[in-house]
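Worksheet: one structure, shown below.
By convention here, the first residue in the shown sequence is residue 1. What you see is a predicted model, and the numbers here were worked out from it, not measured in a lab.
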Amino acid sequence: MKPIVAVVGRPNVGKSTLFNRMTRSKSAIVHDEPGVTRDRHYADVVARDRTFTLVDTGGLDPTSDDPMKRGIKKQIEAALAEADVVVCVLDAREPATSIDHAEISMLRRASKPTIFIANKADSPAHELEANELYRLGIERIIPISALQGRRMDELEGAIVAALPPKSEDEDAAPEHHGAPRIAVIGKPNAGKSSLINRLSGEERMLVDDKPGTTRDAIDTVVERRGKRYVFVDTAGIRRKAKVKKEGDEVEGASVIQAIRAMDRSEIVVLLTDAKEGVAEQDAKVLGLAVDRGRAVIVGLNKVDLLDKQELAKAEEDARDKLSFAPWATYIRMSAKSGRGVDTLLDAIDKTAETYKKRITTGELNRFFEKVLQTRPPPTHGGRAPRLFFITQAESSPPLFVVQASDPDKIHFSYQRFVQNQIRKAFAFDGVPLTVIYRKRRRRGEER
């Protein structure tokens, strides 16, 4: 599993700017107004041959009585509890505040490897100003500028040095040892624990109508129809509005548990209440599963509460909200009554087989020749790029490589067409599929 690195600090010190710099994205909102970030952002970072999940948190004010800020504090405490390394962001241009002192005390109580940085050190003069922060009793402070990228390499080196030893499965998809691993995710009260109890034939999981009963990711070995499965039940992921309102300190840990469960699974089953529909948070967490290259099955649960017309509308709405994964498999089911549970297991069997499927190069190229004859790539700048041959480079999930004369000139719509044709021809249902294009090089030509 990938280590977790949490970014903490008081409001407006540049945590989101740092998050965007390290993840090479703009996924975290950046604004001069303090306290813009209230929800955590999660993204994978690769640095010096290590991969870790970076968690951006809201602005910390341990001394405030404001309900929102108290909720943020609990969220940060939950993230700290799950983190392997903490990056504490201070402001190089300002002297230490009472909030900084309270924050340092909280981090010391957490007893986690902590890297202290002074952000906004945009010049050597600002780096000198940052020395004032040593009054906080910190042994080492790294002055950086997340906005300009100054001394980011030093920060990455410090993070990698503080990470736990690299595990064998840190960068790889989970290996298959006969039994597929299935992470069951979804918001609370969707029926996840009821499903696993139904599959195992006993009360293996605590089931309660109160949302949020399950706190940790728990492995359950299930044997059905002569086959073995490993199901990972995860804590429910609630809508953001409820997180903000209740400030439940376990919520951040629940999301991280779901991420870690996905990291050690091949298949993700998103279980939803068909009557309530797919929530925004469901879609976001499923997006993390897709980013991690996991196979996806969407279980529309509690269908016994809907009539035929309502059920059709529920599936249509779910497909619309999860349109970023149109290849996902949908199952209508009821964990309580057992309806559709065998169909779910059939889908898991098929998806697990498809996830690790390999197509021979000869079979692929015979198919590819027909595709090119039916629809060659469109011209670009007066000439059409040539596609020479295709191979499957990896499985779990499947990755295909096409050798081409001018990869950059292949329109995205044609790339999508080729991907869809591969999926259709070789029945890659329920799994993410990637096709990349590389320039064909002649002998002696430098790479």
Side-chain angles (χ1 to χ4, degrees), residues 180 182-201 205 207-214 222 224-225 229 231 233-242 258 262 267-290 294-352 354 420 423-424 427-432:
I182 306 103
V184 184
I185 67 172
K187 64 185 182 183
N189 216 25
K192 300 184 299 301
S193 296
S194 295
L195 171 62
I196 294 178
N197 285 341
R198 166 69 61 176
L199 289 167
S200 63
M205 306 295 299
V207 180
D208 196 305
D209 288 337
K210 180 181 178 182
T213 302
T214 302
V222 173
R224 291 280 294 255
R225 307 182 302 184
Y229 309 85
F231 284 90
D233 183 30
T234 58
I237 302 165
R238 286 177 290 172
R239 294 185 297 274
K240 291 190 294 182
K242 286 194 174 184
M262 291 187 290
I267 301 170
V268 171
V269 173
L270 172 64
L271 204 63
T272 69
D273 186 323
K275 190 171 184 179
E276 291 188 6
V278 174
E280 178 186 356
Q281 196 75 349
D282 285 332
K284 289 189 175 182
V285 175
L286 190 66
L288 293 173
V290 173
R294 300 301 179 250
V296 172
I297 298 173
V298 179
L300 300 176
N301 194 29
K302 306 182 183 181
V303 296
D304 46 346
L305 302 178
L306 303 177
D307 59 33
K308 188 175 181 180
Q309 186 175 358
E310 289 173 330
L311 184 53
K313 182 66 165 58
E315 182 170 341
E316 181 183 352
D317 290 344
R319 290 182 181 276
D320 181 59
K321 292 177 181 177
L322 303 176
S323 59
F324 58 87
W327 39 264
T329 300
Y330 283 76
I331 303 296
R332 300 177 180 184
M333 56 177 291
S334 171
K336 185 176 181 180
S337 69
R339 173 183 171 186
V341 171
D342 283 340
T343 305
L344 173 64
L345 288 175
D346 289 339
I348 289 173
D349 290 340
K350 183 178 179 182
T351 302
T354 303
N420 290 338
R423 186 181 295 281
K424 181 179 178 181
F428 279 104
D429 300 322
V431 303

(message) Run Ile348 and Ile267 through side-chain contact (heavy atoms from CB on, under 4.5 Å) and show every step you take.
(response) CA-CA 8 Å; Ile348 289 173; Ile267 301 170; 4.0 Å; yes
(request) For side-chain contact (heavy atoms from CB on, under 4.5 Å), just list the numbers for Glu310 and Leu305, CA-CA rounded to whole Å, side-chain angles, deciding distance to a tenth of an Å, and then say yes or no. (result) CA-CA 9 Å; Glu310 289 173 330; Leu305 302 178; over 6 Å; no
(request) Take Val285 and Met262 through the test side-chain contact (heavy atoms from CB on, under 4.5 Å) and record every step on the way to the result. (result) CA-CA 10 Å; Val285 175; Met262 291 187 290; 4.1 Å; yes
(request) Could you give me the CA-CA distance, side-chain angles and deciding distance for Arg339 and Val341, then say whether side-chain contact (heavy atoms from CB on, under 4.5 Å) is met? (result) CA-CA 6 Å; Arg339 173 183 171 186; Val341 171; over 6 Å; no
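Residues Glu315 and Arg332 meet the side-chain proximity criterion, which asks for heavy atoms closer than 4.5 Å. In this structure the side chain of Leu322 reaches within 4.5 angstrom of the side chain of Leu270, judged on heavy atoms. Contact annotation: the side chain of Arg224 approaches that of Asp342 to within less than 4.5 Å [non-hydrogen atoms, C-beta and beyond]. Looking only at side-chain heavy atoms (C-beta outward), Leu195 and Asn301 stay at 4.5 Å or farther from each other. At least one side-chain heavy atom of Arg225 sits less than 4.5 Å from a side-chain heavy atom of Asp349. Proximity of Leu199 to Tyr229: side-chain heavy atoms (C-beta onward) are nowhere separated by under 4.5 Å. Looking only at side-chain heavy atoms (C-beta outward), Lys313 and Leu306 stay at 4.5 Å or farther from each other.
Looking at every heavy atom in both residues, Val298 comes nearest to Ala328 through CG2-CB, 4.3 Å. Here the closest non-hydrogen pair linking Gly191 and Ala335 is O-CB, 4.1 Å. Considering every non-hydrogen atom in both Ala318 and Leu300, the closest pair reads CB-CD2, 4.1 Å. Closest non-hydrogen pair, Val303 versus Ser334, comes out as CG2-N, 4.3 Å. Here the shortest heavy-atom pairing between Ala314 and Ala274 reads CB-O, 3.5 Å. In terms of heavy atoms, Asp282 sits closest to Val278 at CB-CG1, 3.8 Å.
With rounding to the nearest 0.5 Å, the separation of CZ in Phe428 from OG1 in Thr354 is 7.5 Å. Once rounded to the nearest 0.5 Å, the distance linking OG1 of Thr343 with CD1 of Ile297 reads 11.0 Å.
Of the candidates Leu286, Val431, Val268, Arg294 forms a side-chain contact (heavy atoms from CB on, under 4.5 Å) with just one, namely Val268.
Counting only distance, with no hydrogens or angles, the side chain of Lys336 and the backbone of Arg198 share no donor-acceptor pair below 3.5 Å.
Every residue was checked against the salt bridge (charged side-chain N to carboxylate O under 4.0 Å, His left out) condition with Arg423, not counting sequence neighbours, and none meets it. The side chain to side chain contact (heavy atoms under 4.5 Å, CB included) check on Asn420 picks up Arg416, with sequence neighbours excluded.
Remark: Lys321 NZ is packed, more than 12 non-hydrogen atoms of other residues, nucleotides or ligands lying under 6.0 Å away.
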